[in-house]
Amino acid sequence: MKIRPAKVTDVKDIHKIVEFYANNKEMLHRSLNSIYENIQEYVVVEDDDGKIIACGALHVSWEDLAEIKALAVSEKYKGNGIGRKIVQKLQKNAGVLGIGKVFALSFKPDFFIKLGYKVIPKETLPHKIWSECINCHLFPDCGEVPLLISLDKSS
C-alpha cells in the first residue's frame with residue numbers, strides 16, 4: 001500500500017469512496033466539482049495493484065488552523081490502520097505548512113479521540129468553518145462532533 005498526493009485522475013475514485021459513506025449518513029457528500037477544485041488538498045492510498053482504496057483531505061481554514069475532511073477507507077480495507085496513516089500524513093502536511101492545530105468534524109469521534117484529538121465546543125472554531133454547513137440538508141443539527149489536536153511544532 002502506498003499513500004500519495006491525489007491527482008485529477010483519482011477524482012472519480014475518491015468520489016465513489018466518499019459517496020458510499022455519505023449515502024450511509026456517515027459523512028457529508030462531496031460533489032465531483034468540489035473534489036476537482038480542491039484536489040491539491042487530497043491524499044489517496046493505493047493498494048498493491050494501484051487501486052484507490054482510501055482518501056482524505058487537509059483544508060487550511062486560517063492562519064494556524066486546518067481541517068481534515070473527506071476521510072474515508074473502502075469498506076474492504078477498514079480496520080487495517082489506513083485511516084490513522086492518512087490522518088498522520090495530513091497532520092505532517094499541516095506541520096510543513098506551519099499550521100499548529102488541526103480539527104475534524106466527525107460522526108465518529110472515537111476514531112479521532114484514539115489519535116489524540118479532544119472534543120471541543122463548536123463555538124471555539126471560526127465562523128467561516130460553518131459556511132459549508134449552511135448548505136447542508138442536516139443543518140443545524142447534523143450531529144457532527146468537532147475535535148481538535150495541537151501539533152508538536154518541533155516535528
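Rounded to the nearest 0.5 angstrom, K89 NZ and K92 NZ are separated by 5.5 Å. Here the CD1-CG distance, from I53 to D47, works out to 5.5 Å after rounding to the nearest 0.5 Å. Here N23 contributes atom CG and H29 contributes atom NE2; the two are 5.0 Å apart, rounded to the nearest 0.5 Å. In this structure, OG on S61 lies 11.0 Å from NZ on K101, to the nearest 0.5 angstrom. We find the OG-NE2 distance between S34 and H15 to be 9.0 Å, quoted to the nearest 0.5 Å.
I35 has its side chain within reach of Y42: a pair of non-hydrogen atoms, C-beta onward, lies under 4.5 Å apart. Looking at heavy atoms from C-beta onward, L71 lies in side-chain contact with F111 at the 4.5 angstrom threshold. Between V44 and I3 the shortest side-chain heavy-atom distance does not fall below 4.5 Å.
In terms of hydrophobic clustering, with Ile, Leu, Val, Met, Phe, Trp and Tyr side chains grouped at heavy-atom distances under 4.5 Å, L58 and I39 are assigned to different clusters. One hydrophobic cluster, built from ILVMFWY side chains closer than 4.5 Å, holds both V73 and I68. Under the 4.5 Å side-chain heavy-atom criterion for Ile, Leu, Val, Met, Phe, Trp and Tyr, L28 and L32 are members of distinct hydrophobic clusters. Y36 and V43 end up in different hydrophobic clusters when Ile, Leu, Val, Met, Phe, Trp and Tyr side chains are linked at under 4.5 Å. Grouping the Ile, Leu, Val, Met, Phe, Trp and Tyr side chains by contacts below 4.5 angstrom, directly or via other members, places I113 with L90.
Of all heavy-atom pairs spanning L147 and I120, the tightest one is N-CG1, 4.2 Å. Pairing each heavy atom of I99 with each of E63, the nearest pair is CG1-O, 4.4 Å. In terms of heavy atoms, V102 sits closest to A94 at CG2-CB, 3.8 Å. Closest heavy-atom contact between L115 and I149: O-CD1, 3.6 Å. Here the shortest heavy-atom pairing between A6 and I14 reads CB-CD1, 4.0 Å. When all heavy atoms of P146 and L125 are compared, the closest pair comes out as CB-CD1, 4.0 Å.
Residues meeting the ring pair (Phe, Tyr, Trp, His ring centres under 6.0 Å) test with Y117, sequence neighbours left out: F112. In this view, K118 satisfies the side chain to side chain contact (heavy atoms under 4.5 Å, CB included) rule with no residue, not counting sequence neighbours. Here K108 pairs with E26 under the salt bridge (Lys or Arg N to Asp or Glu O under 4.0 Å) rule; sequence neighbours left out. Qualifying salt bridge (Lys or Arg N to Asp or Glu O under 4.0 Å) partners for E46, counting only residues two or more places apart in sequence or in other chains: R4.
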Next item on the list: Would you check, one step at a time, whether the test side-chain contact (heavy atoms from CB on, under 4.5 Å) holds for C55 with I86?
Entry: CA-CA 7 Å; C55 61; I86 293 171; 5.7 Å; no
Original post:
Are I82 and M1 close enough, and set up right, to give a side-chain contact (heavy atoms from CB on, under 4.5 Å), and what steps lead you there?
Top reply: CA-CA 9 Å; I82 297 169; M1 280 186 242; 3.5 Å; yes
Q: Please report the C-alpha distance between V18 and M27 in whole Å, then the side-chain angles of each, then the deciding distance to 0.1 Å, and finally whether the side-chain contact (heavy atoms from CB on, under 4.5 Å) criterion is met.
A: CA-CA 8 Å; V18 169; M27 67 187 318; 4.1 Å; yes
For this session: Please report the C-alpha distance between R30 and N38 in whole Å, then the side-chain angles of each, then the deciding distance to 0.1 Å, and finally whether the side-chain contact (heavy atoms from CB on, under 4.5 Å) criterion is met.
Result: CA-CA 11 Å; R30 303 267 172 220; N38 299 291; over 6 Å; no
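Panel note: side chain N80, backbone Y77; a donor-acceptor pair is recorded below 3.5 Å. In terms of modelled atom types and a separation under 3.5 Å, the side chain of D64 and the main chain of G100 share a donor-acceptor contact. Not one N or O on the side chain of N24 forms a donor-acceptor pair closer than 3.5 Å with the backbone of Y21.
For residues 13-22, no pair satisfies salt bridge (Lys or Arg N to Asp or Glu O under 4.0 Å), with sequence neighbours left out.
In the model, E67 has no side-chain atom that pairs as donor or acceptor with a side-chain atom of H59 under 3.5 Å.
In this structure, V96 shares a hydrophobic cluster with no other residue, the cluster being traced through Ile, Leu, Val, Met, Phe, Trp and Tyr side chains under 4.5 angstrom apart.
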